[in-house]
Every structure is written in C-alpha cells, then in structure tokens.
Number of protein chains: 2
Amino acid sequence: MSEPIYVVGHQQPDTDTICSAIAYARLKKKQGADVVPARAGPLNPETQFVVDRWDVEVPARLDDAAGEQLILVDHNEYSQTVAGAEKAEIVEIIDHHRLGGIETSEPILFRNEPVGSTATILTQLFDDANETITTQTAGLLLSGILSDTVVLRSPTTTDRDRTVAGRLADIAGVDYEAYGTDLLSQKSKIGEKSPRE
Amino acid sequence: MSEPIYVVGHQQPDTDTICSAIAYARLKKKQGADVVPARAGPLNPETQFVVDRWDVEVPARLDDAAGEQLILVDHNEYSQTVAGAEKAEIVEIIDHHRLGGIETSEPILFRNEPVGSTATILTQLFDDANETITTQTAGLLLSGILSDTVVLRSPTTTDRDRTVAGRLADIAGVDYEAYGTDLLSQKSKIGEKSPRE
Ligand SMILES: [Mn+2]
Ligand SMILES: [Mn+2]
Ligand SMILES: [Mn+2]
Ligand SMILES: [Mn+2]
C-alpha cells in the first residue's frame, strides 16, 4: 500500500541522469528498499540508444513529485528538479555538481564528489555495499561516465573516472573507445534531427 | 608562502567538532595536503578534558575566515560557521546534520551521512584511504562519537556508530563505557561551574 521512493535525475535528462537513476534503484532494491527509478522528462536520442543497447526498461515519467519521497541523482538544486520536488521529501542525494543550496529538516545521505559523472560515484557505492555489478548495470554506468566526460576527454575527467570506466568496460564486455564513439555519434544525430538545438 | 586550508567546525565548538577538525586535518596531511585544524570558539570543559587526556595540541582559533579556504566539519550551514565564512572558499564538507543550504560555485566533496557523529564518518574516510588510525587519533574519534551519542544511548545512535566505537576503543586501549562515563562527568561539571547554562 505504501508509495515507493523515486530515484530521479534532473529535467531534460541526459544519459548520466537516466542510467544513474536505474542503477541506484537497483542497488537500493538489493538492499531491501522499495525504490523505483523515474525520469523528469523525455529521453534524448543518445539515452534512447543506451537503453536499447542494454535492453533496459525506460523509467516511468514522474510528472508531479509533491508528497513523494525522492532520491535525487545527478543534480542537487530545486531549479533542476522534477515538478513538485519542493513539496516532496528528499531522502538522499548522489551528485557531482556544485552545491545548489537544498535544505532538509532531517539529516540525510548527501554524497557529492568532484568527479566526472554520478555513475562514477554509484560504482563506488556498489563496491562499498559489496554488491556485484551485472553486465547490464555495468553497461549503464559506463554509458553515464562516457557521456558526461565525452569518452574521458572532458576537463572534468578524473583518474577515478578512468579507472572505473576501464573496469566497467571489462564487466560490460565492450571496448570503451569503440562504444564511446557509438555514443557520441548518437549525440551528433540530435543535431541532424533538431537543428535548433 | 601559500595559506593552508583550515578544517573548522561550528561555533560554540563541542567535542565532535574539535576532534573531527583535528582528525580530518591529520588525514588530509597524510595525503599531502597543506591543511591545519582550527576552531571557531573556546573549548568547553568536556573537550578540554579530551585534549588533555590524549595530549593533543588545541587547534588555533580562526577569528576571521574571509579569503581563506575552508573544510567544514560537523556543520553545513552559514548560521553556524566561523565569522567570515561567507567570504571564504568552502572546499569540502563532512557532516551528519540536516542539509543547511550552502551553495558553491564549483563541485566539491560533501559527505553528509545520517549517523551519530562526524567522527563516525571520518573513521570511514581513514579506512577508505587505507590510512592507519593511531592510538591518539582513535581516542579523539571515539570521544567525538561518545560525546554526540551520549555514550551510544541517544536516539541518533546507529549500528555503524556502535561498531566504529568498539573498534576505536580497542585501538585507543580504553573501555568505552568507563571512558564515556568520565566524559559525561565533565559535562555535568559545566553545570556546576556555570549555572546559567
Ligand atoms: Mn546530467
Ligand atoms: Mn552527470
Ligand atoms: Mn557538533
Ligand atoms: Mn556532531
């Protein structure tokens, strides 16, 4: 009868936001929590490619979070959250951005680290919990890292991102350069389809 | 020539704030950073007992943090920080309280966990970094936990606090119940000396 906790990323979701929501919901479920992934908007073509490639169910769209319990991933400011988040209870935050000023009434887990992607931190959380990362989850987490870091070439890329990406590519069974090139080519398709972006 | 980074806890410092500042500065120094512990106010009698018991140098008082780089421990809101913190650069936060709305311009490490003390989280950070906890540092961290949790009896006490306290007591070579009773008796001395509190 009780409502689940929604793991949700930012508006105009990108690959790191969607893959992090899915992966963290999986980890929390393994730990016995009633948690489901959600999204705050439509998938972009790159992220659609990722969920097709790894045969993953697209998270349901959360249109109004008022009254819900939320775990925020890949953002930590109200200006970027799903509608209604100001009237929701934020119970955890996992992110890698500047601190956005969110206040809570109770102590919560907030893990913000200056690394290239939220997926990098989530890989650490699987390790900390001694939980195995499946091939599919590795594919998702790798996609989050490669998308945010432009295949480990962005100035935000850290040594941790490189190490984690190498390990995830092994588990996922892909060459991360080749897979990353595929990802980037999806980004350029966005331009072809929608010249205004 | 360059200024160090100051690790500083909240105003009206308590034992967790002072011991966490000292312990985290030690960890960061081991990792090669130019970091010193500081305090935002006078030591209370309990904390004075702790630094005497473990023969630790009292951190210097930071009167004006404007222009400095700060690591905040045991708090995460401007209303509780050292004077001048609004004009300082906050480069890390380690805490266990409600989220207090701090904003930064860059991504930083912010590790907030709903456990009984900041010292509990710091013990984890020593472990994560594979750094040995000395007898003295164990004594400080144990003091932070026992003070904040009223010797593991407060409703904020978690299983993690209990596990960590047991381990630190072993390293420090004390019985945590007996040592905790000593700590609490220092708290009651405060009342004797200053009936208005
Ligand atoms: Mn994102
Ligand atoms: Mn991201
Ligand atoms: Mn405190
Ligand atoms: Mn504390």
Side-chain angles (χ1 to χ4, degrees), chain A residues 10 16 31 33 69-81 85-86 88-118 120-121 123-125 127-130 148-149 154-161 163, chain B residues 10 16 31 33 69-81 85-86 88-118 120-121 123-125 127-130 148-149 154-161 163:
Chain A
H10 53 76
D16 190 37
Q31 298 175 325
Q69 289 193 306
L70 302 181
I71 295 173
L72 306 186
V73 291
D74 201 38
H75 71 300
N76 79 99
E77 25 197 316
Y78 281 120
S79 64
Q80 300 172 357
T81 52
E86 288 89 346
E89 182 189 0
I90 296 169
V91 299
E92 282 190 30
I93 308 174
I94 314 290
D95 192 21
H96 67 123
H97 292 96
R98 76 180 197 97
L99 301 188
I102 283 182
E103 296 185 42
T104 60
S105 55
E106 297 296 323
I108 68 165
L109 176 68
F110 183 6
R111 189 148 167 166
N112 197 78
E113 300 185 27
V115 293
S117 73
T118 301
T120 308
I121 305 165
T123 305
Q124 182 70 51
L125 294 184
D127 290 349
D128 288 353
N130 277 314
D148 265 20
T149 63
S154 75
T156 56
T157 310
T158 67
D159 285 342
R160 267 181 70 195
D161 300 306
T163 304
Chain B
H10 53 76
D16 190 35
Q31 297 175 326
Q69 289 193 306
L70 301 182
I71 295 173
L72 305 186
V73 291
D74 200 38
H75 72 298
N76 80 98
E77 27 196 317
Y78 281 121
S79 63
Q80 301 172 357
T81 51
E86 288 90 344
E89 183 190 0
I90 296 169
V91 297
E92 281 190 32
I93 308 174
I94 314 290
D95 192 21
H96 67 123
H97 292 96
R98 76 180 197 97
L99 301 188
I102 283 182
E103 296 185 40
T104 59
S105 54
E106 298 296 322
I108 67 166
L109 175 68
F110 183 6
R111 189 147 167 167
N112 197 77
E113 300 184 27
V115 292
S117 73
T118 300
T120 308
I121 304 165
T123 305
Q124 183 69 52
L125 294 184
D127 290 349
D128 289 353
N130 276 315
D148 264 20
T149 63
S154 76
T156 56
T157 310
T158 67
D159 285 342
R160 266 181 70 196
D161 300 305
T163 305

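To find a chain, count down the sequence lines: A is the first, B the second, and so on, and within it residues start at 1.
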Modelled atom types, side-chain donor and acceptor of [X] and [Y], under 3.5 Å:
X	Y	value
B:Ser117	B:Thr120	yes
B:His96	B:Asn112	no
B:Thr157	B:Ser154	yes

Check each atom of A:Ile93 against the heavy atoms of chain B and say whether the ones under 4.5 Å are side chain, backbone, both or neither.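 Just the side chain, heavy atoms under 4.5 Å.
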
Relative to chain A, which of B:Pro114, B:Ser105, B:Pro107 shows the most heavy atom pairs under 4.5 Å?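 Max contact count across the listed options: B:Pro107.
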
So what's closer than 4.5 Å to chain A heavy atoms on B:Glu113: side chain, backbone, both or neither?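 For B:Glu113, the contact with chain A is made by backbone and side chain together.
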
Once side chain to side chain donor-acceptor pair (under 3.5 Å) is applied, do any residues pair with A:Thr81, and if so which ones, sequence neighbours excluded?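 Listed in chain order: nothing, the list is empty.
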
